[in-house]
There are 2 protein chains.
Amino acid sequence: MALLTLIAGEPRSGYDIGQEFDGVLKFVWHSKPTQVYPELKRLAAEGLIREQGEGPRGRRPYEITEDGQSELRQWLTTTAPDHSLRNETVLRSFALWLVEPEEARAFLSSELEYHRIRLRGMRVLTQGLDLGNPNGRAALLGLEAGVRRLEAMISWAEWAIETVATWPTQEEQTSA
Amino acid sequence: MALLTLIAGEPRSGYDIGQEFDGVLKFVWHSKPTQVYPELKRLAAEGLIREQGEGPRGRRPYEITEDGQSELRQWLTTTAPDHSLRNETVLRSFALWLVEPEEARAFLSSELEYHRIRLRGMRVLTQGLDLGNPNGRAALLGLEAGVRRLEAMISWAEWAIETVATWPTQEEQTSA
DNA sequence: AGTATCATGTAAGACGTTACATGATTAC
DNA sequence: GTAATCATGTAACGTCTTACATGATACT
């Protein structure tokens with residue numbers, strides 16, 4: 001459905017999709033090229049997308065078919081989203097009591113920096129959106145969700161760094 | 001590492017871990033029981049956790065070993081977290097231009113409600129934390145991240161509902 | 001001429017889900 | 001006594017990653 005969503009927006013090749021997965025969609029959906037290419041062939045075989053001839057360097061862009069569009073609409077209107085998530089940054093924070101406060105601080109600082117950089121990139125992408133067409137307006141929804149989640153992670157990391165600063169060291173712990 | 005993190009906090013059985021995955025950790029890490037049980041056996045075979053005898057109803061709690069703790073510390077201090085995420089709610093928002101604004105609104109409203117309920121649950125869990133021990137203090141970091149991300153999703157959904165209300169209908173679109 | 005980037009793939013193995021199966025204890 | 005919940009598992013199948021492989025075009 002992620003591939004179908006991207007291709008519905010505008011025709012894309014497997015390579016294009018890989019770029020999106022490394023860029024905008026890194027916080028939304030991600031797959032590696034080795035999964036994308038066979039999956040595109042499968043979607044084409046099912047008639048949900050169709051090859052648009054061949055571009056330079058063996059490039060193979062796909063466009064969505066009518067069947068593909070109605071499949072997407074069905075997915076959106078008749079099925080419920082899966083809300084289970086995985087976030088390794090937060091998972092690790094549950095285990096931070098096992099390391100020295102200084103190591104915990106180092107981890108949180110590097111996460112803070114990473115998310116700040118990502119937020120800047122996300123804002124740039126938001127600027128580049130064409131809000132004149134429906135696809136661009138929907139993409140704005142997605143990017144805005146990304147921005148807000150990144151802001152949440154940044155303020156969390158800042159708060160967490162302050163909080164960890166008040167933790168006793170392992171030594172103080174055991175001696176207490 | 002998720003299993004190890006949970007067991008490091010306090011001894012747990014596969015069933016306990018399943019409860020956590022359905023509760024607190026739903027927004028952090030998730031696995032199904034059929035993956036958890038064999039994985040626990042594997043971790044025990046590797047000496048990272050150890051069985052604590054058998055409880056009522058065939059219950060098998062595991063506790064972490066010294067090796068398990070140092071494995072966790074290694075993971076935290078020597079490896080970088082994977083930042084790629086998957087969020088089906090946001091993915092779907094990228095495709096919302098394909099359905100009628102009313103259907104988009106319905107989707108966003110139901111997401112809003114879902115996240116509001118989750119936030120309430122998360123706040124209750126935060127109250128129940130024992131901040132007297134290091135494990136509880138680290139769990140507070142994780143839960144606070146959950147709270148902030150849920151708040152971000154809620155404010156996003158509210159904003160998105162207003163935004164979608166300004167979208168032209170498919171009909172207005174095609175006639176324009 | 002050489003390096004970087006564009007571009008697509010296959011095969012093996014690891015990870016994760018679905019369907020199925022079983023039994024103990026508790027609450028009504 | 002019957003339903004709900006607690007509790008653990010196996011087997012088959014589907015999804016995803018890692019390692020490997022190839023070639024075209026653009027830039028310097």
Side-chain angles (χ1 to χ4, degrees), chain A residues 1-7 10-23 25-26 28-46 48-63 75 79-88 91, chain B residues 1-7 11-23 25-46 48-63 75 79-88 91:
Chain A
M1 290 303 157
L3 300 189
L4 229 43
T5 298
L6 282 170
I7 291 167
E10 60 177 313
R12 284 174 222 257
S13 66
Y15 188 81
D16 293 338
I17 290 168
Q19 300 295 305
E20 304 283 5
F21 279 156
D22 284 342
L25 263 61
K26 185 133 190 193
V28 179
W29 206 263
H30 184 265
S31 295
K32 310 252 155 141
T34 48
Q35 189 181 10
V36 170
Y37 290 112
E39 188 63 20
L40 287 172
K41 296 228 152 168
R42 224 208 62 202
L43 291 170
E46 278 185 30
L48 303 177
I49 59 176
R50 127 178 20 102
E51 262 187 60
Q52 271 194 327
E54 202 158 314
R57 300 178 180 188
R59 183 183 161 80
R60 294 168 174 281
Y62 292 88
E63 60 187 358
W75 172 60
T79 68
D82 177 3
H83 290 106
S84 58
L85 306 172
R86 289 182 170 191
N87 183 316
E88 201 180 318
L91 174 63
Chain B
M1 290 305 158
L3 301 188
L4 228 43
T5 297
L6 282 170
I7 292 168
R12 285 176 221 256
S13 66
Y15 188 81
D16 293 338
I17 290 168
Q19 299 296 304
E20 304 283 4
F21 279 155
D22 285 342
L25 263 61
K26 186 135 189 191
F27 294 117
V28 180
W29 207 262
H30 184 264
S31 296
K32 309 251 153 137
T34 47
Q35 189 181 11
V36 170
Y37 289 112
E39 188 63 20
L40 287 172
K41 295 228 151 164
R42 223 209 63 201
L43 291 170
E46 278 185 31
L48 303 177
I49 59 176
R50 135 181 9 106
E51 262 187 59
Q52 272 194 328
E54 202 158 315
R57 301 179 179 187
R59 181 185 163 80
R60 294 167 174 280
Y62 292 87
E63 61 189 357
W75 172 60
T79 68
D82 176 3
H83 290 107
S84 59
L85 306 171
R86 289 182 170 191
N87 183 316
E88 201 180 319
L91 174 63

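Residue numbers start from 1 in every chain, and the chains themselves are labelled A, B, ... in the order their sequence lines are given, proteins ahead of strands.
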(request) Write down the distance between CG (A:Asp82) and P (C:dT17), rounded to a whole number of angstrom. (result) 9 Å
(request) Send over the distance from B:Arg42 CZ to C:dA14 C1', rounded to a whole Å. (result) 10 Å
Polar pairs (N or O, both sides) under 3.5 Å between protein and nucleotides 25-28 of chain C?
unit_1: C:dT25; atom_1: O4'; unit_2: B:Arg57; atom_2: NE; d: 3.0
unit_1: C:dT25; atom_1: O2; unit_2: B:Arg57; atom_2: NH2; d: 3.1
unit_1: C:dT26; atom_1: O4'; unit_2: B:Arg57; atom_2: NH2; d: 3.3

(request) Show the numbers, then the answer: is there a side-chain contact (heavy atoms from CB on, under 4.5 Å) between B:Ile17 and B:Ile7? (result) CA-CA 8 Å; B:Ile17 290 168; B:Ile7 292 168; 4.0 Å; yes
(request) Please check the phosphate of C:dC15 (OP1 and OP2 only) for any side-chain N or O of B:Gln35 closer than 4.0 Å. (result) no
(message) Between A:Gly58 and B:Asp16, which residue's closest nucleotide on DNA chain D lies nearer the 5′ terminus?
(response) B:Asp16
(request) Kindly write out the residues that satisfy side chain to side chain donor-acceptor pair (under 3.5 Å) with B:Asp82, not counting sequence neighbours, or none if the list is empty. (result) B:Ser84
(request) Starting from C1' on C:dG23, measure out to OH on B:Tyr15 and report it in whole angstrom. (result) 14 Å
(message) Please determine whether any donor N or O and acceptor N or O are separated by less than 3.5 Å between the side chain of B:Thr34 and the base of C:dT18.
(response) yes
(request) Can you sort out the partners of B:Arg57 under salt bridge (charged side-chain N to carboxylate O under 4.0 Å, His left out), two or more places apart, ordered by chain and number? (result) none
(request) Might you point out which heavy atoms bring A:His30 and A:Phe21 nearest each other, and give the distance in Å? (result) CD2-O, 3.3 Å
(request) Would you please name every residue forming a side chain to side chain donor-acceptor pair (under 3.5 Å) with A:Glu46, sequence neighbours left out? (result) A:Arg42
(message) Testing the basics here: between B:Tyr15 and B:Tyr37, what is the closest heavy-atom pair and its distance to 0.1 Å?
(response) N-OH, 3.4 Å
(request) Whole angstrom is fine here: how far is it from CZ in B:Phe21 over to P in C:dC15? (result) 14 Å
(message) Does any part of the side chain of A:Leu85, heavy atoms only, come nearer than 4.5 Å to the side chain of B:Leu85, both counted from C-beta?
(response) no
(request) Begin from the C-alpha positions of B:Leu6 and B:Leu25 and carry the test side-chain contact (heavy atoms from CB on, under 4.5 Å) through to its verdict. (result) CA-CA 10 Å; B:Leu6 282 170; B:Leu25 263 61; 4.0 Å; yes
(message) Set out, in order, the CA-CA distance, both residues' side-chain angles and the distance that settles salt bridge (Lys or Arg N to Asp or Glu O under 4.0 Å) for A:Arg12 and A:Glu63, then state yes or no.
(response) CA-CA 7 Å; A:Arg12 284 174 222 257; A:Glu63 60 187 358; over 6 Å; no
(message) How many whole angstroms separate atom CG of B:Leu40 from atom P of C:dG16?
(response) 14 Å
(message) Can you see whether A:Ser13 engages A:Arg59 through a side-chain donor-acceptor pair at a distance of less than 3.5 angstrom?
(response) yes
(message) So which atom in B:Pro38 and which in B:Gln35 form the shortest heavy-atom distance, rounded to 0.1 Å?
(response) CD-O, 3.4 Å
(message) For chain B and DNA chain D, what are the first and last nucleotides along the strand, 5' to 3', with at least one atom under 4.0 angstrom from a heavy atom of the protein chain?
(response) D:dT5 to D:dC16
(request) Write down the distance between NE2 (B:His30) and P (C:dC15), rounded to a whole number of angstrom. (result) 18 Å
(message) Need to verify one output field. Residue with the more 5' nearest nucleotide on DNA chain D, B:Tyr62 or A:Ser31?
(response) B:Tyr62
(message) Need the bend value for the helix from C:dA1-D:dT28 to C:dC28-D:dG1: angle between end axes, 5 pairs each end, nearest 10°.
(response) 30°
